[in-house]
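Atoms within a ligand are numbered from 1 in the order they appear, just like the ligands themselves.
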Amino acid sequence: MEVAVVEGLMQDYELSLQHVLWRIERLHQKKEVVTKRDEGIHRTTYGEMVPRINRLAGALKRLGVKPGDRVATLAWNTSRHLELYYAVPCMGAVLHTLNLRLFPQHLEFIVNDAEDKVLFVDQSLLPLLKPLAGKIPSIKTMVLIGDGAPAAMAGKDNGIADMLDYETLLAAESENYPWPKLSERMAAAMCYTSGTTGNPKGVVYSHRSQFIHTMGVLQGDSLGLTEKDALLPVVPMFHANSWGLPYAAGMAGTKVVFAGRFSADAKSIVEMAEQEEVTFLAGVPTVWIGLAAYLKESGKRLPKVRTVVCGGSAIPRSLMETMDGLGLRMLHAWGMTETSPLGSVARVPAGSDPDEELRLRLTQGRVGAGVEIRITDPVSGEELPWDGTAFGEIQVRGPWIARGYHNGYDPGKLTEDGWFRTGDVAKIDADGYIQIVDRTKDVIKSGGEWISSVELENAVMAHPKIVEAAVIGLPHPKWDERPVVYAVAKPEFKGQVTQEEVIEFLKDKVAKWWLPDEVRFIDEVPKTSVGKFDKKVLRASAVPISEGATQAVLATSSTSSGTTRSSPRSRSTLVTWCTSTPRR
Ligand code: ADP
């Protein structure tokens, strides 16, 4: 007998970013958007921005931008960039934020892959495009965003396209743009993976995914941004849509503070946070290492800040403790460009004691409401138990998780049953707390055992004289690979910390075979375009391990300590799997 499907009687309301635009226009007009510019602080409000967003949409239309066309931005975190965040998707086009720290050949690849039609660029970033002259033919128009006055270069041709001035364009348009009816499945924005582990790949967000992700970000047990907050996203607007925070701020009515091109400068961040009474910060760990050092040195504090969202790579315990000591509470989040990016957040359950609390805050937390997670055996593909011991690849599914890449790259990222393979290796405990062990490409394979580069880095960074450390596996004739640490001493201990001292320090913290063969001191760990440790660069320039180093380490280590040792089964499967994962 056929069962009749009884449909609900709710409206088919399309989930689109036009709703966020509606909210900033109707509910949050008075809320400020503040930007640090060269000439000083620029203040505006959502109320003043909305007519400009309408004008911008009119200008895009006049430039021939049609639904689905990609409109690129090469810009700092500013109010004008935020105007583009609204105008481009809400008029039906696709906002493509370009990473301004990429090498020219990566930028060229990305613009061509996305076939961007119009490029909005901060005038100060124009020199970055010089090597691309004649190489990005899809760009028909460039729009220059000046700092205040009209862009001086407007009207000239730089070998890419005619350059127009942003403000002049807006001035010619109407304040009332007839926003089209959008379907929630339409593409709204695209971001390329930052290329930490290979060529960038285009991730295309839909209006629906952005809308639901925004709601996800706003939940109290997620990032929990509210109308009462003042947000300063140190994370760039080109890094996975600034982690979805600009739209979350628009939805909630949060004041937004942008540091413009001063985002990498701890002093500017602290000044802006003080002046604008910022309560909510977000950025990668290396940003907070710099900020903590500046706060200590200057004696300044930020008592108004209630949350420092930190993601992009694991938070070292030493950093979280330092920040706690400075009164800055970090909120650990995990995700990736392909997960919009919010995957999980480390909120601590009620009733945890302080030790338990710190331990849980250092995990990658629990998966956000709306997303499902599993870990799977790399060889059999079977789901592994959540027992805090078994580890395998994280796979996720949900309404804001990618199902493919632009132009069909890397089709194998989706399992047959529709889960996205993240390439991150983790264990999950019975309460759902995720502990990332490593990326498959960074796990060190040593004599049939595995070593977590992340855990080893964290152990080294706990050394009181060390500020940053990255660990890579280098080829070894007998053991396949052995770990080598690249460490940066704190300025006051430069030249005063030795390899022996670091290895001695690690002895009761990691298993014997995890002890690094060498500790190499450098001035700074190279960073990726989004501020993560760049192990590709370290690997490419690494000199081989010196002969005899391994024996020296193993001979000097008398203790085999109690760090997690993997079960024989998971050990061998992980090694097989990681060996078959190419490092680029
Ligand atoms: P890319 O893959 O090019 O680095 P993303 O910024 O999308 O670009 O990086 C996503 C990756 O960053 C994740 O797959 C994971 O390996 C790492 N990552 C993100 N957040 C965390 C975290 N909290 N702890 C550990 N690793 C993290």
Side-chain angles (χ1 to χ4, degrees), residues 97 99 101-103 106 110 190-203 205 223 235-244 282-288 308-317 319-320 330-347 360-368 371 373 375 391 393-396 400-402 405 409-410 413 420-428 433-443 452-458 461 470-471 526-537 578 581 583-584:
T97 49
N99 180 335
R101 299 208 179 87
L102 288 182
F103 292 118
H106 267 163
I110 289 174
M190 83 190 289
C191 281
Y192 277 71
T193 59
S194 56
T196 305
T197 52
N199 251 342
K201 289 172 283 191
V203 178
Y205 308 114
L223 301 190
V235 51
M237 290 171 87
F238 57 74
H239 187 197
N241 277 339
S242 212
W243 302 350
V284 295
T286 49
V287 164
W288 309 124
V308 179
V309 176
C310 184
S313 37
I315 304 182
R317 184 188 177 114
L319 175 61
M320 189 175 277
M330 299 186 96
L331 178 61
H332 197 185
W334 164 85
M336 54 203 307
T337 309
E338 294 90 329
T339 65
S340 290
L342 192 67
S344 64
V345 182
R347 293 275 181 192
L360 291 174
R361 286 171 63 212
L362 284 165
T363 68
Q364 280 71 20
R366 291 200 270 202
V367 72
V371 178
I373 192 164
I375 43 173
F391 53 87
E393 184 183 36
I394 300 183
Q395 298 182 351
V396 283
W400 63 76
I401 309 297
Y405 293 105
Y409 290 132
D410 216 352
K413 286 293 265 187
F420 181 82
R421 297 177 210 267
T422 64
D424 284 339
V425 182
K427 40 196 175 188
I428 304 182
Y433 281 85
I434 304 159
Q435 180 78 60
I436 297 221
V437 173
D438 219 330
R439 282 184 149 189
T440 49
K441 294 179 176 74
D442 293 335
V443 171
S452 158
S453 66
V454 172
E455 262 185 61
L456 200 48
E457 279 158 13
N458 286 345
M461 283 191 273
V471 176
K527 310 286 184 326
T528 69
S529 58
V530 289
K532 305 184 192 188
F533 292 159
D534 199 337
K535 299 191 189 182
K536 255 194 317 184
V537 170
C578 293
T581 310
R583 282 185 181 143
R584 281 166 295 184

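Residue Gly311 has no nitrogen or oxygen atom sitting less than 3.5 Å from a nitrogen or oxygen atom of ligand 1, judged on distance alone. Checking only distances, Glu338 never comes within under 3.5 Å of ligand 1, N or O to N or O. Between Met336 and ligand 1, no pair of N/O atoms sits closer than 3.5 Å. Between Gln364 and ligand 1, an N or O atom pair is found at a separation short of 3.5 Å.
At a 4.0 Å cut-off, at least one heavy atom of Asp424 sits close enough to ligand 1 to count as contact. In this structure, Ala240 falls outside the shell of residues with a heavy atom less than 4.0 angstrom from ligand 1.
Between the side chains of Asp442 and Ser453, not a single donor N or O lies within less than 3.5 Å of an accepting N or O.
Residues meeting the ring-ring contact (aromatic ring centres under 6.0 Å, His included) test with Trp288, sequence neighbours left out: none.
For the atom pair Asp424 CG and Thr339 OG1, the distance stands at 9.5 Å (nearest 0.5 Å). In this structure, OG1 in Thr337 is found 11.0 Å from CZ in Phe238, a value given to the nearest 0.5 Å.
Side-chain N or O atoms of Glu393 include one that pairs as donor or acceptor with a backbone N or O of Gly423 at under 3.5 Å. In this structure, the side chain of Ser529 does not engage the main chain of Leu102 through any donor-acceptor pair within 3.5 Å.
At a 4.0 Å heavy-atom cut-off, ligand 1 touches Ala314 through backbone and side chain alike. Only the backbone of Ala333 comes within 4.0 Å of ligand 1, counting heavy atoms alone; no side-chain atom from C-beta on gets that close.
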